[in-house]
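Just so it is clear, the values below take in all heavy atoms, side chains as well, and ignore hydrogens, waters and symmetry mates.
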Amino acid sequence: EYALSMNKKGGSLAISIDISDAVTGNPNLALQDFTGLYSGVFINQFPSSLLPCPAYKPNSTPLYLGATLVASSGLVAGSYTGYFAITIFVL
């Protein structure tokens with residue numbers, strides 16, 4: 001869960017969210033098929049369509065993300081550190 005908020009009122013009317021650069025630390029392990037839930041809208045593709053701007057501070061609007069973890073037969077037991085990028089486009 002991520003908490004999104006805006007620090008001041010501006011001319012922005014909407015946002016779009018993108019997920020990219022998913023890295024797992026192992027070529028036999030992948031994060032794919034990201035989904036999300038934001039402001040009551042289910043997101044099944046990224047970048048998302050237009051979404052409402054988040055709440056103004058001190059309030060926030062939650063962004064929930066999920067992904068499918070895919071392991072190939074070459075994966076060995078261990079601990080892997082992964083990451084992905086979240087890009088917010090303010091429109």
Side-chain angles (χ1 to χ4, degrees):
E1 175 182 350
Y2 297 88
L4 302 182
S5 62
M6 294 184 74
N7 62 355
K8 63 178 181 176
K9 293 184 179 183
S12 302
L13 300 175
I15 64 170
S16 179
I17 300 170
D18 195 15
I19 305 295
S20 61
D21 302 326
V23 175
T24 62
N26 186 302
N28 295 309
L29 192 62
L31 284 172
Q32 59 189 41
D33 300 329
F34 280 86
T35 59
L37 180 64
Y38 173 81
S39 194
V41 177
F42 181 72
I43 306 167
N44 60 4
Q45 66 179 10
F46 292 91
S48 71
S49 58
L50 295 181
L51 300 165
C53 287
Y56 293 107
K57 285 185 175 182
N59 298 318
S60 63
T61 304
L63 168 63
Y64 301 95
L65 292 176
T68 301
L69 185 64
V70 178
S72 66
S73 61
L75 184 67
V76 296
S79 176
Y80 303 101
T81 301
Y83 58 88
F84 55 89
I86 302 172
T87 303
I88 309 290
F89 300 96
V90 180
L91 310 164

[atom2] on [Y] to [atom1] on [X], rounded to 0.5 Å:
X	Y	atom1	atom2	result
Y83	D21	OH	CG	7.0 Å
D33	N44	CG	CG	10.5 Å
S60	M6	OG	CE	13.5 Å
N7	Y56	CG	OH	10.0 Å
L65	L37	CG	CG	9.5 Å
L51	S39	CG	OG	7.5 Å

Honestly curious: do [X] and [Y] fall in one hydrophobic cluster under the side-chain, below-4.5 Å linking rule?
X	Y	answer
F84	F46	yes
Y2	I19	yes
V76	L31	yes
L63	L50	no
F34	L69	yes

Test your reading of the model: is there a side-chain donor-acceptor pair from [X] to the backbone of [Y], 3.5 Å cut-off?
X	Y	answer
S48	I17	yes
T24	L29	yes
T61	A55	yes

Tell me, with the steps shown, if L13 and L91 meet side-chain contact (heavy atoms from CB on, under 4.5 Å).
CA-CA 6 Å; L13 300 175; L91 310 164; over 6 Å; no

Yes or no on side-chain hydrogen bond (donor to acceptor under 3.5 Å, both in side chains) for T87 and D18, after CA distance, side-chain angles and deciding distance?
CA-CA 5 Å; T87 303; D18 195 15; 5.5 Å; no

Flag side-chain contact, heavy atom, 4.5 Å: I15 against F89
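When only atoms from C-beta onward are counted, F89 and I15 do not touch, as no gap falls below 4.5 Å.
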
Is the shortest heavy-atom distance from the side chain of L4 to the side chain of Y38 under 4.5 Å?
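A side-chain contact exists here, since the closest heavy-atom pair is under 4.5 Å.
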
